[in-house]
Undergrad: 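One structure is given below, represented as structure tokens, and several questions about it will come after.
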Amino acid sequence: LDAQKNLYLDGEAITEDELRIAIQAAKKESAEKKASGAEHDVICLIGADHSVSHGDVVHIIDLVKQEGVSKFAINIDPQKDNTSTKNEEQ
């Protein structure tokens, strides 16, 4: 999710309905790979701009879970620490 709450999958802007379809397609592909003996799970990586509310991130987590994905990770982009810059300037 970006700061304007736009949703992206692999760098492409999508809607929530398109995300659901993409998850369903990934689950189908995963099931086919598992049927042929391969070990394959659908895992979602969820990232959001630091200005996005906790509730909006939880909404996306809930959407992913509703589609049957139980493995997901949250991408954390720590805010820059300005103290090191200040210390270097002194």
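In this text, all values refer to a predicted model and were calculated from it rather than measured experimentally. Note that the numbering runs from 1 along the sequence shown for the chain. Atom set for the values below is all heavy atoms of this structure, side chains included, hydrogens, waters and symmetry mates excluded.
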Undergrad: Of all heavy-atom pairs between C44 and V64, which one has the smallest distance, and what is that distance?
TA: SG-CG1, 3.7 Å
Undergrad: Between CG of L1 and NE2 of H59, what distance do you get to the nearest 0.5 Å?
TA: 9.0 Å
Undergrad: With side chain to side chain contact (heavy atoms under 4.5 Å, CB included) as the criterion, how do V57 and V52 come out once you've worked through the C-alpha distance, each side chain's angles and the decisive distance to 0.1 Å?
TA: CA-CA 7 Å; V57 174; V52 174; 4.1 Å; yes
Undergrad: Decide whether Y8 and V58 are clustered together by the hydrophobic rule: side chain heavy atoms of Ile, Leu, Val, Met, Phe, Trp, Tyr closer than 4.5 Å, transitively.
TA: no
Undergrad: Tell me every residue that passes side-chain hydrogen bond (donor to acceptor under 3.5 Å, both in side chains) with N6, counting only those two or more places apart in sequence or in another chain.
TA: D2
Undergrad: Excluding sequence neighbours, so at least two apart, what forms side-chain hydrogen bond (donor to acceptor under 3.5 Å, both in side chains) with Q24?
TA: E67
Undergrad: Checking K5 now: which residues fulfil salt bridge (charged side-chain N to carboxylate O under 4.0 Å, His left out) with it, not counting sequence neighbours?
TA: D56
Undergrad: Run the side chain to side chain contact (heavy atoms under 4.5 Å, CB included) test on E16 and L63 for me, step by step, so that the C-alpha distance in whole Å, both residues' side-chain angles and the decisive distance to 0.1 Å come before the verdict.
TA: CA-CA 8 Å; E16 287 186 13; L63 183 151; 3.7 Å; yes
Undergrad: Could you tell me whether the side chain of I43 reaches within less than 4.5 Å of the side chain of F72, counting heavy atoms only?
TA: no
Undergrad: Please walk me through it: do I61 and I74 pass side chain to side chain contact (heavy atoms under 4.5 Å, CB included)?
TA: CA-CA 9 Å; I61 292 170; I74 299 174; 3.9 Å; yes
Undergrad: By side-chain hydrogen bond (donor to acceptor under 3.5 Å, both in side chains), which residues pair with Q66, not counting sequence neighbours?
TA: R20
Undergrad: Taking side chain to side chain contact (heavy atoms under 4.5 Å, CB included) as the test, write out the residues that go with I14, two or more places apart.
TA: L7, L9, E18, L19
Undergrad: Heavy-atom distance under 4.5 Å between the side chains of I46 and N75, does that happen here?
TA: no
Undergrad: Please enumerate all residues that pass salt bridge (charged side-chain N to carboxylate O under 4.0 Å, His left out) together with E29, with sequence neighbours excluded.
TA: K33
Undergrad: Given side-chain hydrogen bond (donor to acceptor under 3.5 Å, both in side chains), test D17 with T15 step by step and report yes or no.
TA: CA-CA 5 Å; D17 287 338; T15 65; 5.2 Å; no
